[in-house]
Each structure stands twice: as structure tokens, then as C-alpha cells.
Asker: 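Please see the structure below; I have some questions.
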Amino acid sequence: MRILLIFLLFASPFFCVAQSAPIAMAIHGGAGFIDSTKLTPELRARYQAKLTEAVMRGYSVLKAGGSSLAAVEAAILILEDSPLFNAGRGAVVNAEGFCELDASIMDGRTRAAGAVAGVSTVKNPISLARLVKDSSSHVLLIGMGAEVFAKQMGASLVDRAYFLDKSEVGKKSGQLLEELHDSKFGTVGAVALDAQGNLAAGTSTGGMRNKKFGRVGDVPIIGAGTYAHNASAAISCTGHGEFFIRTVAAYEVAALMKYKGLSLKAATEEVIFTQLQPIGGSGGLIALDAQGNISMPFNSGSMFRASVDVQGKITVAIF
Ligand code: ASP
């Protein structure tokens, strides 16, 4: 009996810690300039439902004790498979009329990262980025080399036409989506904090509509569109990629926190409003720190976003 009491006395703080370890999740579905009058109630409801489904999918991974990396991948898979967003199925086309997809994922615990750029037959670029991280000694694979690697790894491959298929949303909303994709950037991304205190971030995109064949944006560039480090934050960006590369936007958030001691909110707002905006960079980001604080600033007219905070409170917003 005495042994049992001593065990409980020593073990209970650990149980408490385990129970109260914060978990949190945030996602985005792209920043841009949506004319709210064009967003019909029906389409708005579709976006809200898909954002909710994605953030809850990631959150359920965290709730079940899964890793932040698994949560990020699970949430992004939902968004890549939906034609509503500019990633995976439904991505914008380049100037040659086909999709070239970019994605990246980063582990905040080890700072291991994987990314792919310019793939056009890989169904889920976020999963291929994770395979690059887990199953190669590289960080970034591009074009044909990335596709050969995808085949070797048994990743799901599709015909180029798959990405253009918007049949699910019907002709009328398909037309509206074309217009929405013109007025926004539409990348998707996720950041997560798991019960082990580990952060992760991931981003996936079709890039900018009508981009030059071979153009690569910020999304697969670690530190520009995606970054995660347990000591600072997990960040996923969306917007005009060239500006996010020039400002090394995602890493800049982490650096402002690390070297200047800024809070997550102050660091993210400084990057979006003080660094990007003056040079003409429009867009936004989602960020999460190891305490579970969430910040989602944007300097564009809108940013599809959703989060579940450490209290379990769900937020879904567009404007
Ligand atoms: N940042 C992406 C790119 O430039 C576009 C976006 O966020 O929608 O490729």
C-alpha cells in the first residue's frame, strides 16, 4: 500500500502534464482579394465546410496522440483533394496550360524538412514532400527527378488532367472558382502543435496562375513559405511568392522571435505589415508557437483560414 502511495505521489505530476499538454492546429486556404459579393452563400458554405473538415482532421490526429507532422499532412491532404483550393486537384495552370505543383513540410523538433517543386503527375505533393524528408538524404527535389522518386516510393500518380477536373463543384460554381482563383493566390497550409510539444508546418500550392513554365515560388523554399522550429514557431505562408522569398518571410518570423524576443503576434505582424507590404508583397501567414498561441495576419483583402486553439475553440474565417 505504501509503495502504491509513493508511486502515485511521484507519478501524478507526469499524468497531469500529459493531460494538460496543449495541442493546437491552424490551416489556411490561401490569401487574396475576393469580392465578397461574388462569394455566393452556397460557395461560402462550401469553403467553410471544407476548412472545418480539414482543421478538424488535423486536430483529431493531435487528439489521438499523433504527431504534429501527421496532423499537418492529414489536414493538407483534405485541401489538396478539394477542387476549391489552388493545390492538388483544382490548382491553377501555368502559361503552358498545365499544373506545376510545389509543396514542403518541416519538423520543428529536428528541423528536418522535405520539399518538391514543379511536379505535374503527383496526386498529393505534400505526401511526396514528407517522403523526401523521411526517405531521402535531400531536402528539395524538382520536376522529373521528383516524379521518378515518387514512382520509386509508390506515391499515387495521376494524369495531368486530374488536376483540372472541377466536375464535382458543377459548371456554375466552377466558373465562379475560376474567377476566385484569379483574384486570390489560393495556396493551402497547416501548422500544428502536438501533445509532445513538437511543432510542424506544411504548405502546398499550384503557384501563381499563368506563371512561366519552370517558375518556382516560395512554398517549397524552406524559410520562405514554410518553417518550423520548436524554439520559436511553425509558419506557413500564402501570397505573392516572389516577395516571400525576398523577405525570407517564414524564417524571419522565427528570427524576430529568437533574436529580438518578439511575441508570435508581434513577429508575424512585423513581417506581413512592415516588411512585405512596403515592397508590394501581398498575402498572409498562419503561425503557432510552442505555447499554442496562434497568429494569422494578412495584408490582402481575404485569407481562408481556420484554427482550433488550446481551449479547443474552433475559428473559421475568410475576411
Ligand atoms: N505563394 C504561392 C506562390 O507564389 C501562391 C499562393 O500563396 O497562393 O507560389
Side-chain angles (χ1 to χ4, degrees), residues 25-34 38-40 42-58 72-94 99-105 116 119-120 122-129 158 162-170 173-191 201-209 211 217-220 225-226 236-241 283-286 296 298 300-307 316-319:
M25 178 94 214
I27 62 164
H28 68 77
F33 297 90
I34 289 181
K38 285 207 174 134
L39 199 60
T40 60
E42 189 256 338
L43 197 53
R44 183 188 288 245
R46 272 178 181 281
Y47 273 109
Q48 284 167 337
K50 205 37 101 176
L51 290 167
T52 306
E53 182 189 343
V55 80
M56 290 315 292
R57 180 66 61 88
V72 161
E73 184 181 2
I76 291 180
L77 282 173
I78 300 279
L79 301 170
E80 282 183 343
D81 288 345
S82 165
L84 291 172
F85 303 95
N86 172 19
R89 184 161 174 250
V92 299
V93 293
N94 64 12
C99 299
E100 287 178 287
L101 310 168
D102 303 335
S104 66
I105 193 162
V116 293
V119 294
S120 44
V122 177
K123 180 171 176 276
N124 291 110
I126 193 65
S127 297
L128 187 60
V158 290
Y162 162 84
F163 299 107
L164 308 174
D165 182 7
K166 298 193 174 74
S167 57
E168 185 203 303
V169 290
S173 49
Q175 168 64 28
L176 213 47
L177 283 174
E178 292 283 329
E179 287 176 36
L180 288 177
H181 280 178
D182 270 342
S183 60
K184 72 183 181 69
F185 304 112
T187 291
V188 307
V191 290
T203 316
S204 179
T205 190
M208 308 282 282
R209 177 180 288 282
K211 66 186 180 183
D218 59 316
V219 168
T226 303
S236 169
C237 302
T238 171
H240 197 150
L285 58 81
I286 54 170
M296 305 194 275
F298 54 98
S300 45
S302 59
M303 184 170 81
F304 290 104
R305 60 200 185 279
S307 61
V316 183
I318 300 174
F319 299 103

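Since the model is a prediction, treat every value here as computed from it, not as a measurement.
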Asker: Quick check for you: to the nearest 0.5 Å, what is the distance between N124 atom CG and R89 atom CZ?
Answerer: 11.5 Å

Asker: Do the non-hydrogen side-chain atoms of I76 and E73 ever get within less than 4.5 Å of each other?
Answerer: no

Asker: Any side-chain to backbone donor/acceptor pair from T226 onto S236? Under 3.5 Å, distance only.
Answerer: no

Asker: Of the non-hydrogen atoms in G239 and M208, which two are nearest, and what is the gap between them?
Answerer: O-SD, 4.3 Å

Asker: Please name the pair of heavy atoms, one in Y47 and one in L84, separated by the smallest distance, quoted to 0.1 Å.
Answerer: OH-O, 3.0 Å

Asker: Counting C-beta onward and ignoring hydrogens, is there a side-chain heavy-atom pair between K50 and F304 closer than 4.5 Å?
Answerer: no

Asker: Just how far is it from atom CE of M56 to atom CD1 of I78, taken to the nearest 0.5 Å?
Answerer: 12.0 Å

Asker: State, yes or no, whether a side-chain contact exists between M303 and I286 at a heavy-atom distance under 4.5 Å.
Answerer: yes

Asker: Could you check D102, V188, D218 and say which one makes a side chain to side chain contact (heavy atoms under 4.5 Å, CB included) with T205?
Answerer: D102

Asker: CG/L39 to CD/E42 distance, rounded to the nearest 0.5 angstrom?
Answerer: 10.0 Å

Asker: Given side-chain contact (heavy atoms from CB on, under 4.5 Å), test F85 with L51 step by step and report yes or no.
Answerer: CA-CA 10 Å; F85 303 95; L51 290 167; 4.1 Å; yes

Asker: Would you say L101 and V122 make side-chain contact, with heavy atoms under 4.5 Å?
Answerer: no

Asker: Any side-chain heavy atom of H28 within less than 4.5 Å of one from L285?
Answerer: no

Asker: So which heavy atom on A103 is nearest to which on I126, and how close?
Answerer: CB-N, 3.8 Å

Asker: Give the minimum heavy-atom separation between P220 and S104, together with the two atoms involved.
Answerer: CA-CB, 3.9 Å

Asker: Would you check if K211 and N94 make a side-chain contact, meaning some heavy-atom pair closer than 4.5 Å?
Answerer: yes

Asker: Report yes if the side chains of S127 and L77 come closer than 4.5 Å at any heavy-atom pair, otherwise no.
Answerer: yes

Asker: Counting C-beta onward and ignoring hydrogens, is there a side-chain heavy-atom pair between L164 and C99 closer than 4.5 Å?
Answerer: yes

Asker: Would you name the heavy atoms of A31 and G284 that are closest together and state the gap between them?
Answerer: CB-N, 4.0 Å

Asker: Mind checking what makes side chain to side chain donor-acceptor pair (under 3.5 Å) contact with Q48, not counting sequence neighbours?
Answerer: none

Asker: Assess the residue pair V93 and F163 against the criterion (side-chain contact (heavy atoms from CB on, under 4.5 Å)); give the C-alpha distance rounded to whole Å, side-chain angles, the decisive distance to 0.1 Å, and a yes or no.
Answerer: CA-CA 9 Å; V93 293; F163 299 107; over 6 Å; no

Asker: Which pair of non-hydrogen atoms, one from I27 and one from A75, has the smallest distance, and what is that distance?
Answerer: CG2-CB, 4.0 Å

Asker: If only atom types and distance count, is the side chain of R305 paired as donor or acceptor with the main-chain N or O of I318 below 3.5 Å?
Answerer: yes

